[in-house]
2 protein chains.
Amino acid sequence: MQAYNYAAPEKETMTGDRRKFSRQDEDTRRADLIAAAVALISEGGPAVATVRAIADRAGVTPGLIRHYFATKEALTRAAYSAVMDAMTEASLKVVAEAPARPEARLAVFVTSSLRPPVVDPAAMGLWAGFLHQMRRDADMRAAHEASYLHYRDLLQGLIADLPRKADAARLRADAIACNAVIDGLWLEGSALPDAFAPGELERIGLASVGAILGLDLAAHLPQEGNTA
Amino acid sequence: MQAYNYAAPEKETMTGDRRKFSRQDEDTRRADLIAAAVALISEGGPAVATVRAIADRAGVTPGLIRHYFATKEALTRAAYSAVMDAMTEASLKVVAEAPARPEARLAVFVTSSLRPPVVDPAAMGLWAGFLHQMRRDADMRAAHEASYLHYRDLLQGLIADLPRKADAARLRADAIACNAVIDGLWLEGSALPDAFAPGELERIGLASVGAILGLDLAAHLPQEGNTA
DNA sequence: TGCGTAATTATACGCTTGCATAATTACGCT
DNA sequence: AGCGTAATTATGCAAGCGTATAATTACGCA
């Protein structure tokens with residue numbers, strides 16, 4: 001009986017005529033569908049991101065998804081790549097806009113990773129949703145590994161620029177360690193938003209990364225008393 | 001047509017008679033069902049842990065699950081609690097068996113958290129599976145928070161015993177930071193088992209926790225050159 | 001302006017899911 | 001030994017899933 005339940009296109013015109021629609025550029029539609037999938041996964045986990053729910057969120061009918069993606073798994077993979085790319089780009093932007101001094105650059109990188117919008121329950125939900133799917137999809141696992149190493153390399157580059165002497169092995173170990181602190185704090189802060197005071201994670205992150213690298217990062221952070 | 005596909009109870013006796021079964025103690029059955037659910041979630045994520053698959057793995061028919069758990073969600077919650085309890089108990093055991101010196105106790109705690117069987121792709125899959133479900137189930141979220149804080153308190157107790165002076169605020173920050181490093185390293189080691197050399201995570205973990213707390217933990221680790 | 005076609009909707013199919021309920025059977029108890 | 005009952009199996013159902021395919025319609029282009 002009931003067909004689906006779309007977003008109820010305004011008034012039921014009583015006459016059983018077709019839904020009005022407008023054609024879209026292919027790239028736009030793909031992006032819309034990916035955005036809808038990402039939103040649903042982050043809100044309710046992979047289970048609620050059904051073909052019908054995604055189509056509904058994107059304002060189209062389910063069949064259209066098949067027109068742009070051969071299978072639902074293909075759409076999921078595309079969504080994952082989109083999220084990863086966005087995160088990487090955001091990190092690069094923070095570094096690009098950072099001050100010139102190496103210590104300040106690293107400090108900005110650390111703190112920006114430990115406050116909203118990076119620290120965010122929805123973002124963690126999205127991440128967890130993809131994570132569990134990685135175990136069965138080799139392509140997605142490879143994408144994850146590449147993304148993780150890329151991020152770590154970025155951090156390692158910032159550490160290498162610091163005025164201190166460390167050989168390659170030490171540099172690698174430091175990058176792994178600093179990345180782990182940041183990841184761990186991000187995770188805890190996102191999973192339990194009320195368990196930490198405002199700014200606490202950033203302070204702890206700066207202190208920890210500083211301790212691991214043997215320098216006082218907090219002292220090099222650009223002033224931020226600005227309340228506006 | 002085909003009923004389900006059970007684990008094929010030996011020979012099809014050709015006569016369409018009932019499956020043989022044996023009655024079990026209630027606690028045993030519950031434990032079996034929980035174990036089956038945990039195994040499936042850790043292997044393939046929540047999606048493959050269907051009522052039928054769980055029953056099959058436990059060697060019973062699907063209907064029995066409803067006899068022990070009012071709903072599938074109740075079984076999932078029970079499985080989550082079981083896993084958390086097991087992890088907590090394992091941590092307590094490691095600490096209980098550890099040497100008397102505070103530094104050595106902490107060192108043992110850190111290294112044991114960063115090698116198998118704690119570091120394990122399947123364990124991470126299980127954890128991720130639960131994590132994404134936490135976002136919709138308030139009861140499960142509360143259970144997670146309690147478990148996280150319990151673990152962190154354990155770590156904080158070990159840190160408090162160290163021969164150094166630190167006020168309460170510093171103690172809390174140190175516990176959060178050390179917990180984050182351990183979590184982050186555990187996560188990365190479990191997600192990308194081939195990205196780290198054997199023993200590398202433990203070494204980095206010891207060095208990082210030591211750096212954060214301002215002492216040389218590796219020097220206090222009980223000798224372990226034992227290759228047998 | 002009207003035609004052609006690709007984008008979009010509509011409908012349907014087979015499968016799986018969680019859950020309900022009825023039929024059976026193993027086992028404790030007297 | 002055999003009865004009673006609770007544990008277990010068997011069967012069925014409605015809903016939702018991903019996907020295939022046919023019918024429509026918006027829009028670029030002559």
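Contact annotation: A:Tyr68 side-chain N/O to C:dT8 OP1/OP2 distance is under 4.0 Å. Between B:Thr50 and C:dT16, a side-chain N or O to OP1/OP2 separation shorter than 4.0 Å is absent. Between B:His67 and D:dT8, a side-chain N or O to OP1/OP2 separation shorter than 4.0 Å is absent. Checking the phosphate oxygens (OP1, OP2) of D:dG18, no side-chain nitrogen or oxygen of A:Thr71 falls inside 4.0 Å. Not one side-chain nitrogen or oxygen of B:Arg18 sits closer than 4.0 Å to the OP1 or OP2 atom of D:dT8.
Residues from residues 20-32 of chain B with heavy atoms under 4.0 angstrom of DNA chain C, sorted by number: B:Lys20, B:Phe21, B:Ser22, B:Arg23.
A straight line from CG of A:Leu64 to C1' of D:dT24 spans 14 Å, rounded to a whole angstrom. Remark: P of C:dA20 and CZ of B:Phe69 are 16 Å apart, rounded to the nearest angstrom. Here C:dG18 presents its P atom at 14 Å from CG of B:Leu33, a figure rounded to the nearest Å. The separation between B:Asp56 atom CG and D:dA10 atom C1' is 15 Å, rounded to whole Å. Between the CD1 atom of A:Ile54 and the P atom of D:dG18 there is a distance of 7 Å, rounded to whole Å. With rounding to whole Å, A:Ile65 atom CD1 is found 13 Å from C:dT9 atom C1'. Atom NZ of B:Lys72 and atom C1' of D:dG16 are 14 Å apart (whole Å). Spacing between atom CG of A:Leu75 and atom P of D:dT19 amounts to 10 Å, rounded to whole angstrom units.
Among the nucleotides C:dC19, C:dA10, D:dT9, the one closest to the side chain of A:Arg19 is C:dA10.
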Handout entry: CA sep, side-chain torsions, deciding dist, call: A:Leu64, A:His67, side chain to side chain contact (heavy atoms under 4.5 Å, CB included)
Key = CA-CA 5 Å; A:Leu64 192 59; A:His67 189 259; 4.1 Å; yes

Practice task
Quick one: do A:Asp32 and A:Val60 satisfy side chain to side chain contact (heavy atoms under 4.5 Å, CB included)? Show the steps, please.
Solution key: CA-CA 10 Å; A:Asp32 286 350; A:Val60 299; over 6 Å; no

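The backbone N or O of B:Val118 lies less than 3.5 Å from a partner atom in the side chain of B:Trp186, making a donor-acceptor pair. The closest donor-acceptor contact from the side chain of A:Ser42 to the backbone of A:Ala39 lies under 3.5 Å.
Residues B:Glu188 and A:Asn179 have side chains that bring a donor and an acceptor to within less than 3.5 angstrom of each other.
Residue contacts shown for B:Val51 are limited to sugar-phosphate atoms, with no base heavy atom under 4.0 Å away.
Between A:Arg30 and A:Glu26 there is a salt bridge, since a side-chain N of the basic residue sits under 4.0 Å from a carboxylate O of the acidic one.
Residue B:Arg66 places no side-chain atom within donor-acceptor reach of the base of C:dG18, judged by atom type and a 3.5 Å distance cut-off alone. One N or O donor and one acceptor, one from the side chain of A:Arg52 and one from the base of D:dG18, sit under 3.5 Å apart.
Take A:Tyr151 and apply the ring pair (Phe, Tyr, Trp, His ring centres under 6.0 Å) test, not counting sequence neighbours, and it matches A:Phe109.
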